[in-house]
Amino acid sequence: MASNTARRPVDIYIVGLGIRNVQQITREAEQAIQLSKKVFTVHAGFGLDEFLKTLCPDVRSLVGKYEEGGDRLRTYRAMAAEVLNAALDDSPVCFASYGHPKIYVYPTNLIEKAAPLLGLTVRVLPGISALDTILADLGLDPGPNGLQMYEATDLLARERPLQPDVPCLLWQVSAVESAMYSTKRGNAERYRRLQDFLVRTYPPGHQLTMVLSPTYALLEPLKETFPVGELAERLARGLQIGTLYIPPTHERAISNPDLLREAFEAEHLDRITTAS
Ligand SMILES: C[S@@+](CC[C@H](N)C(=O)[O-])C[C@H]1O[C@@H](n2cnc3c(N)ncnc32)[C@H](O)[C@@H]1O
């Protein structure tokens with residue numbers, strides 16, 4: 001692990017475990033886990049805790065804190081409190097969530113906010129997110145057209161403007177419209193408002209893809225493609241977990257052709273750079 005003598009010792013490591021079981025854990029996450037006295041995990045991966053125990057014998061899953069019909073925010077607070085308590089008791093400890101620990105992982109934010117008030121230091125290490133795996137599974141490069149991404153309930157609550165020429169990823173579609181934890185499948189009613197909102201921007205025949213990246217080495221990504229005008233019915237009977245990809249409807253025209261021309265001119269590069 002990179003050492004910085006001016007830095008205070010870390011009390012809480014926050015790491016991401018990646019999406020594909022044990023295969024996407026980074027070397028620095030492994031090192032943080034090895035340095036920790038306890039590791040608190042949030043993931044559904046088979047055999048993952050057993051692997052983590054080879055790095056740190058004291059691994060505790062926080063997944064049992066979810067309660068059917070229970071308020072998810074309360075659960076996240078309980079998870080954060082357990083990690084903070086353990087760090088106050090005997091640090092360093094590690095909070096390890098699947099994916100990237102700063103992409104829709106509320107306990108991370110709570111731990112980061114509360115730790116300084118308790119005199120604890122935190123170090124967040126990135127992990128491979130579903131964002132990364134989705135780009136690979138869809139063959140999507142944000143370079144040419146950018147990328148917009150929103151949490152599904154937040155999109156509806158704020159009526160965020162969507163740009164139809166920019167690819168879009170919608171997260172937590174399966175949990176849309178409720179802050180309560182539930183393992184029950186959503187019915188068409190759950191997804192109707194999302195469909196109605198999306199057809200304000202996209203033509204009803206525009207094809208969307210629900211994508212679930214593999215969580216085990218031997219699996220292929222699951223993808224279901226359907227028109228936005230059928231979203232509610234298709235989600236009600238098809239794949240609900242995963243992320244909803246909305247491809248762009250068109251490419252935005254170039255507004256500044258002079259800039260593009262200059263970008264290919266050596267004289268322009270000379271003008272905007274300084275000889276070293
Ligand atoms: C609470 S967020 C956690 C995201 C995680 N921290 C990450 O970086 O991937 C859960 C959401 O991530 C997305 N997600 C998680 N696992 C996925 C997978 N295997 N394939 C596609 N999307 C996934 C879905 O949008 C899901 O609703």
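All ligand and atom numbering here is 1-based and tracks the order in the structure. Since the structure is predicted, the reported quantities are computational estimates derived from the model, not experimental observations.
Remark: the backbone N or O of Ser178 is paired with a side-chain donor or acceptor of Arg72 at under 3.5 angstrom.
For Glu177 and Arg193, the salt-bridge test passes: some basic side-chain N is under 4.0 Å from an acidic carboxylate O. Salt bridge annotation for Arg60-Glu82: absent, with no cationic side-chain nitrogen under 4.0 angstrom from a carboxylate oxygen.
The side-chain hydrogen bond (donor to acceptor under 3.5 Å, both in side chains) with Ser213 is formed by just one residue from the set Thr243, Asp132, Thr133; it is Thr133.
In this structure, Tyr104 and Trp171 have tilted ring planes: the angle between them lies in the 30° to 60° band.
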Cut-off 3.5 Å, no hydrogens considered: what does the side-chain donor-acceptor table look like for residues 111-121, sequence neighbours left out?
residue	atom	partner	partner atom	Å
Glu112	OE1	Lys102	NZ	2.6
Thr121	OG1	Pro9	O	2.6
Thr121	OG1	Asp11	N	3.0
Thr121	OG1	Asp11	OD2	3.3

Ligand 1: protein N/O within less than 3.5 Å of ligand N/O:
residue	atom	partner	partner atom	Å
ligand 1	6 (N)	Tyr98	O	3.4
ligand 1	6 (N)	His100	O	3.0
ligand 1	6 (N)	Ile103	O	2.8
ligand 1	8 (O)	His100	N	2.8
ligand 1	8 (O)	Ser129	OG	2.8
ligand 1	9 (O)	Ser129	OG	3.2
ligand 1	9 (O)	Ala130	N	2.7
ligand 1	19 (N)	Ser213	O	3.0
ligand 1	20 (N)	Ser213	N	2.8
ligand 1	22 (N)	Thr243	OG1	2.9
ligand 1	25 (O)	Gln172	N	3.2
ligand 1	25 (O)	Gly242	O	3.2
ligand 1	25 (O)	Thr243	OG1	2.8
ligand 1	27 (O)	Gln172	N	3.2

